[in-house]
Trainee: 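Structure in structure tokens, see below.
The figures here come from the full heavy-atom set of this structure, side chains too, leaving out hydrogens, waters and symmetry mates. As the structure is a computational prediction, the values presented were derived from the model and not from experiment.
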Amino acid sequence: MRIATKKREGAYKGRLPTIDLVSITQALVVAECLSFHRAARVLGNEPSTVGRRVRALEDVLGVSLFERTFAGVRPTTAGARFFEQARAVLRQLDDAVQVAGAAGRGVIGHLNIGILSSMAAGFLREVIRAYRARHAKVEMHILEGASREQIALVRESRLDVAFVLGAPDLPNCEVAQLWTEQIFVALPKAHKLCDCDEITWESLRHEKVILCQSELGGAIHDRLITRLAQFGYSPWVERLDVGREALMHLVAMGLGVSFTSEATVATPFPEVTFRPIGGDAARIPFSAVRLPNNDNPALRRFWSLARDMSKKWEKQPRDAAALPSARPKKSKSISDSHPSHVVPADARSADVKRQHRSGDRLKRAPTRVSSAGDRGERSNRR
């Protein structure tokens, strides 16, 4: 026995032993049943097979795990400590398997998202809300910044996906245009164009336009310049180094009119009215960017959800009536190039009232004539 023990102690000196997980599991069952025969019945194996696996495990460990008697077996002191640690390791291993499976299915994990526009409303807000409802255990980290910065972070694998302005052609990146947003004009509350339900580009040709020094402001500036140049106009534009909130307050004070995107008009500002620009040229595309080799399961599910929602989103009818700062119904576009078409709301109401009064006078006229005839008849009788 002493020789065998020395042989076990020196057999694997200098390297880690290779342990069979099945042997550990069967040894634990033997420790629970305190019998090779009972353990064999539980495992559905022959007692001799279980005994060989336990002895092989003892040879690998270099220690006896059980004291064998005619009545059965019981763990040795070393065996009891081994089984205690082995149970804890197996529980951790089981947890690791569960976590790995959940991460592989995208049930848990991390998702880093870069955004450009506001999430007050619109597609971006809805897709993040829908993903959160389905994958509540995925930790989402959102970073706001310019498109160029977001794309650089995607290339460095610091962001899983970035939502950017336009539909850029990016080598080694996968780009998917997902939705478009309508451009809105921000007007001071007393501005004459507030009476219009929809505004054309050319109706702004004499207005002072103030814009942020931002990516969205630059894109809208280019649209405005290009559109008015087609009509031979050169707009009065001033680019200010201020944020969106400060810009809206400047609009409210009458320092000019400005522009914003559809998703941002859900946030109201005092003394500011938003009206949509009409026409196809008044829509701005937005895209999602990712690395094709990003194997994050959470990203795969998020990307798939965004693509599916995009197909339905662009087919949904959306107009200014759905937005809190817009008028309750939509009419034809108004242009200053046809001033006779611009009829203020108060003037329209006055016309309607005059028509009603005229109708009432016409209805009462026959009664007055009849009364005059009766007076003449009574005079002849006298």
Trainee: Are V138 and V161 connected, step by step, through hydrophobic side chains (Ile, Leu, Val, Met, Phe, Trp, Tyr) whose heavy atoms are closer than 4.5 Å?
Mentor: yes
Trainee: I'd like to know if K192 pairs up with E207 as an ion pair, taking the criterion as any Lys NZ or Arg NE/NH1/NH2 lying under 4.0 Å from an Asp or Glu carboxylate oxygen.
Mentor: no
Trainee: For a quick test of your reading: what N or O donor-acceptor pairs under 3.5 Å do the side chains of residues 245-253 make, sequence neighbours left out?
Mentor:
none

Trainee: Any sub-3.5 Å donor-acceptor pair from T273's side-chain atoms to K189's backbone N or O?
Mentor: no
Trainee: Among residues at least two apart in sequence or on other chains, which ones pass salt bridge (charged side-chain N to carboxylate O under 4.0 Å, His left out) with R38?
Mentor: none
Trainee: Does one hydrophobic cluster hold both V54 and V89, with members joined at side-chain heavy-atom distances below 4.5 Å?
Mentor: no
Trainee: Quick check: does any side chain N or O of D241 sit under 3.5 Å from a backbone N or O of Q213, one acting as donor and the other as acceptor?
Mentor: no
Trainee: Tell me which pairs pass salt bridge (charged side-chain N to carboxylate O under 4.0 Å, His left out) where either residue lies in residues 210-237, with sequence neighbours left out.
Mentor: none
Trainee: Drop me the distance from L153's CG to L143's CG, to the nearest 0.5 angstrom.
Mentor: 6.5 Å
Trainee: Taking Q182 for its side chain and I277 for its backbone only, find out whether a donor-acceptor pair lies under 3.5 Å.
Mentor: yes
Trainee: For L228 and S234, run side-chain contact (heavy atoms from CB on, under 4.5 Å): C-alpha distance rounded to whole Å, both residues' side-chain angles, the deciding distance at 0.1 Å, then the answer.
Mentor: CA-CA 7 Å; L228 291 185; S234 179; over 6 Å; no
Trainee: So which pairs with a foot in residues 170-179 pass salt bridge (charged side-chain N to carboxylate O under 4.0 Å, His left out), sequence neighbours left out?
Mentor: E174-R290
Trainee: I'd like to know if the side chain of E46 reaches the main chain of A40, judged simply by a donor and an acceptor atom lying under 3.5 Å from each other, with no hydrogens or angles considered.
Mentor: no
Trainee: Answer with yes or no whether the side chains of E181 and W179 bring together a donor and an acceptor at under 3.5 Å.
Mentor: yes
Trainee: Do the side chains of F302 and L116 join up, straight or via other hydrophobic residues, at under 4.5 Å, putting them in one cluster?
Mentor: yes
Trainee: Would you call R81 and E84 a salt bridge, taking side-chain N to carboxylate O under 4.0 Å as the test?
Mentor: no
Trainee: Using modelled atom types only, decide if a donor and an acceptor are shared between the side chain of R275 and the backbone of C194 within a distance under 3.5 Å.
Mentor: yes
Trainee: Kindly write out the residues that satisfy ring-ring contact (aromatic ring centres under 6.0 Å, His included) with F259, not counting sequence neighbours, or none if the list is empty.
Mentor: W201
Trainee: Which residues pass the ring-ring contact (aromatic ring centres under 6.0 Å, His included) test with F83, not counting sequence neighbours?
Mentor: F66
